Novice: 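Handing you this structure, nothing more for now.
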2 protein chains.
Amino acid sequence: MQPLYEKVKKKITESLVQGEWSPGEAIPSETELANVYDVSQGTVRKAIDELSAESILIRRQGKGTYVATHNEENIQLRFLRLTSNFGLKEKLDNQLVSFSKEKATNKLAKILNINPASTIISLKRVLTFNEKPLILDLIKIPAQSFRGVTAEMVVEKKGSMYRMYESDFGVRMLRADEKIRAINANFESASLLNVKENTSLLSVERISYTYENKPLEWRLGLCVTDDHYYRSELD
Amino acid sequence: MQPLYEKVKKKITESLVQGEWSPGEAIPSETELANVYDVSQGTVRKAIDELSAESILIRRQGKGTYVATHNEENIQLRFLRLTSNFGLKEKLDNQLVSFSKEKATNKLAKILNINPASTIISLKRVLTFNEKPLILDLIKIPAQSFRGVTAEMVVEKKGSMYRMYESDFGVRMLRADEKIRAINANFESASLLNVKENTSLLSVERISYTYENKPLEWRLGLCVTDDHYYRSELD
DNA sequence: GAGTGGTCTAGACCACGGC
DNA sequence: CCGTGGTCTAGACCACTCA
């Protein structure tokens, strides 16, 4: 038998998926939800505790519980773990290199769990910090889930893809898995990142997931780690 | 005012630091602890919930709550995040390259929060997977906290440093911070790892912490990422 | 069957935010 | 002042483990 609070958690998650409550908005109070679902307030609390631990909901004492959003200033970079060696605050900029539609390869179709040869959006861009090229990103997303996306929209959002996914397509990325390797820059990446060929680059391959572990973005980032490092916390 | 369960959590942590309950052992039941600390069982539960979420304690339904240990099979590698590209299970081996005592540099003294120029143990080793060199580790630990450690002990433990820390010195590492970069192999690392000079290597700089965020190990690992990658989960 | 952690409830009071 | 989430309690019952 499934615990009651797990059922409540699922119901709340469903409402979130349905867009019943929007990012940034408050959800009903614990007592209200307890009445709606006909359980005790403590049970709702336990469900919200877990969603809050997963950063899906945000509690604010005295105010209420809010749907997490990526539209706030400090969440612009979402999954970016690169930090300056000197701890400086940096000016982020973004140049779109290419934008196209293409057919998914079998490998990509499998990763994104879509039909083989379905249409995907593929884009390449360079992120600069303080005018210096730092990351070359190759991003692939299924066209089906992002209908009507254009190069102009990407440029306008200044590189905050996750903000665009959320505000324009109602797609909230909740978690991501990354595979990290060290590789040598080839001709293209070297010239775009303004480094010598064969320079060591950090290769970060990322799959991002929305609700219910549905993968919706594949991304390969090549990073110059002369003045930056990738943070990782283990426990 | 500090919540009651936070106080209980601190008391439990103190007992753990004092070694009152050893790794692998069960701690007193929730009701017993509630009597000892003169709080309700629910309050003890909340304290243990958090320690359990931090993997400091392990709950086992019907049996009791146990002190986490690193002596079990699957925890041998503790903080190692490298995975084979092919998902294979691999045979780990370990060669000690050097072992020495030296004076801490100012930088290291600051990182480990010890007096400048205090004695530290410095060791270098190569980890091989399926006979192939994979990681070159440089490890530095304060001699003060690991009195009597010898090269023989390290060799005998077959590279499981964290297991040795725990079983021989009562030091349990709870978490670690890592800084990851891509670098080029120099002459020494290239020859020890059996790759060409200037090959790209993953540089993983790690600081490990025991109870109360006390740093007790600094480590630099250089990894060959041809057939392996570093896993990272973001949320 | 006894003892443990796991779930669920109901109710009291506290701390914070905002009107 | 009210409504919110945060803490704390007490007690009931369930699920699991082991002798």
Side-chain angles (χ1 to χ4, degrees), chain A residues 1-16 20-69 71-75, chain B residues 1-16 20-69 72-74:
Chain A
M1 189 54 181
Q2 195 184 30
L4 237 191
Y5 71 85
E6 290 283 0
K7 288 186 195 166
V8 171
K9 193 178 162 186
K10 268 195 182 159
K11 285 183 185 171
I12 294 176
T13 304
E14 274 169 30
S15 294
L16 287 167
E20 208 161 308
W21 310 306
S22 306
E25 271 183 17
I27 69 172
S29 73
E30 294 182 353
T31 42
E32 274 182 81
L33 288 175
N35 288 331
V36 172
Y37 298 136
D38 197 27
V39 297
S40 79
Q41 179 260 358
T43 301
V44 172
R45 163 160 285 266
K46 175 129 188 174
I48 293 182
D49 272 349
E50 297 204 347
L51 290 166
S52 166
E54 296 166 32
S55 300
I56 292 175
L57 296 177
I58 315 259
R59 295 173 168 290
R60 292 198 225 275
Q61 178 167 150
K63 298 186 70 178
T65 301
Y66 294 75
V67 182
T69 172
N71 284 310
E72 282 139 31
E73 278 293 323
N74 51 349
I75 315 200
Chain B
M1 189 53 183
Q2 193 184 28
L4 237 191
Y5 71 86
E6 289 283 1
K7 289 186 195 165
V8 171
K9 192 178 162 188
K10 269 198 181 157
K11 285 183 184 171
I12 295 176
T13 304
E14 274 170 29
S15 294
L16 286 167
E20 207 161 308
W21 310 307
S22 306
E25 271 183 17
I27 69 171
S29 73
E30 294 182 353
T31 42
E32 274 182 79
L33 288 175
N35 288 331
V36 172
Y37 299 137
D38 197 28
V39 298
S40 80
Q41 179 260 0
T43 301
V44 172
R45 164 161 284 267
K46 174 128 188 175
I48 294 182
D49 271 350
E50 297 204 348
L51 290 166
S52 166
E54 295 166 34
S55 300
I56 293 175
L57 295 178
I58 316 261
R59 295 172 169 291
R60 292 197 226 276
Q61 178 167 151
K63 298 186 68 175
T65 301
Y66 294 76
V67 182
T69 171
E72 283 138 31
E73 278 294 320
N74 50 351

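Predicted model only: the values in this text are computed from it and were never measured. Per chain, numbering begins at 1; letters A, B, ... match sequence-line order.
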Novice: Grab the NZ-P distance between A:K9 and C:dG6 for me, whole Å please.
Specialist: 16 Å
Novice: Taking only the side-chain nitrogens and oxygens of A:K63, find out if one of them lies under 4.0 Å from OP1 or OP2 of C:dG18.
Specialist: yes
Novice: Has B:S29 got a side-chain N or O lying under 4.0 Å from the OP1 or OP2 atom of C:dT4?
Specialist: yes
Novice: Between B:Y5 and B:A47, which heavy-atom pair has the shortest distance, and what is it?
Specialist: O-CB, 3.5 Å
Novice: How long is the line joining CD of B:E6 and P of C:dC14, in whole Å?
Specialist: 20 Å
Novice: What is the separation between atom CG on B:D38 and atom P on D:dT9, rounded to the nearest whole Å?
Specialist: 9 Å
Novice: Would the distance check show the side chain of B:S29 and the main-chain N or O of B:E32 forming a donor-acceptor pair, the cut-off being under 3.5 Å?
Specialist: yes
Novice: Does B:R59 place a side-chain N or O at less than 4.0 Å from the phosphate oxygens OP1/OP2 of C:dG6?
Specialist: yes
Novice: Which whole-number value in Å describes the distance from A:D49 CG to D:dG5 C1'?
Specialist: 10 Å
Novice: Rounded to whole Å, please give me the gap between NZ in B:K46 and P in C:dG6.
Specialist: 15 Å
Novice: Go through C:dT9, D:dT7, C:dG5 for me and flag the one nearest to the A:V39 side chain.
Specialist: C:dT9
Novice: Tell me the interatomic distance from A:L51, atom CG, to D:dG5, atom P, rounded to whole angstroms.
Specialist: 14 Å
Novice: Atom CD1 of A:I58 to atom P of D:dT4: distance rounded to whole Å?
Specialist: 19 Å
Novice: Does C:dC8 have OP1 or OP2 sitting under 4.0 Å from an N or O in the side chain of A:Y5?
Specialist: no
Novice: So if I take every side-chain heavy atom of A:P3 and compare against D:dT7, D:dG5, C:dC8, which nucleotide ends up nearest?
Specialist: C:dC8
Novice: Regarding B:E30, tell me which of base, sugar-phosphate or nothing describes its non-hydrogen contacts under 4.0 Å with the strands shown.
Specialist: sugar-phosphate
Novice: Nearest heavy atom decides the nucleotide; on that basis, is B:G42 or A:I48 closer to the 5' end of DNA chain D?
Specialist: A:I48
Novice: Which comes earlier along DNA chain C counting from the 5' end, the contact point of A:V44 or that of B:G62, where each point is its nearest nucleotide?
Specialist: B:G62
Novice: So, is A:R45 close to the D:dG6 phosphate, meaning a side-chain N or O under 4.0 Å from OP1 or OP2?
Specialist: yes
Novice: A:R60 CZ to D:dG3 C1': how many Å, rounded?
Specialist: 17 Å
Novice: Could you check whether A:R59 pairs with A:E30 (Lys NZ or Arg NE/NH1/NH2 to Asp/Glu carboxylate O, under 4.0 Å)?
Specialist: yes
Novice: Search all heavy atoms of B:P23 against all heavy atoms of B:T69 and return the closest pair with its distance.
Specialist: CB-CB, 3.8 Å
Novice: Look at B:T65 and C:dG5 and indicate whether a side-chain polar atom (N or O) is within less than 4.0 Å of OP1 or OP2.
Specialist: yes
Novice: Heavy atoms only: give me the nearest B:I27-B:V67 pair and the separation to one decimal.
Specialist: CG2-CG2, 3.7 Å
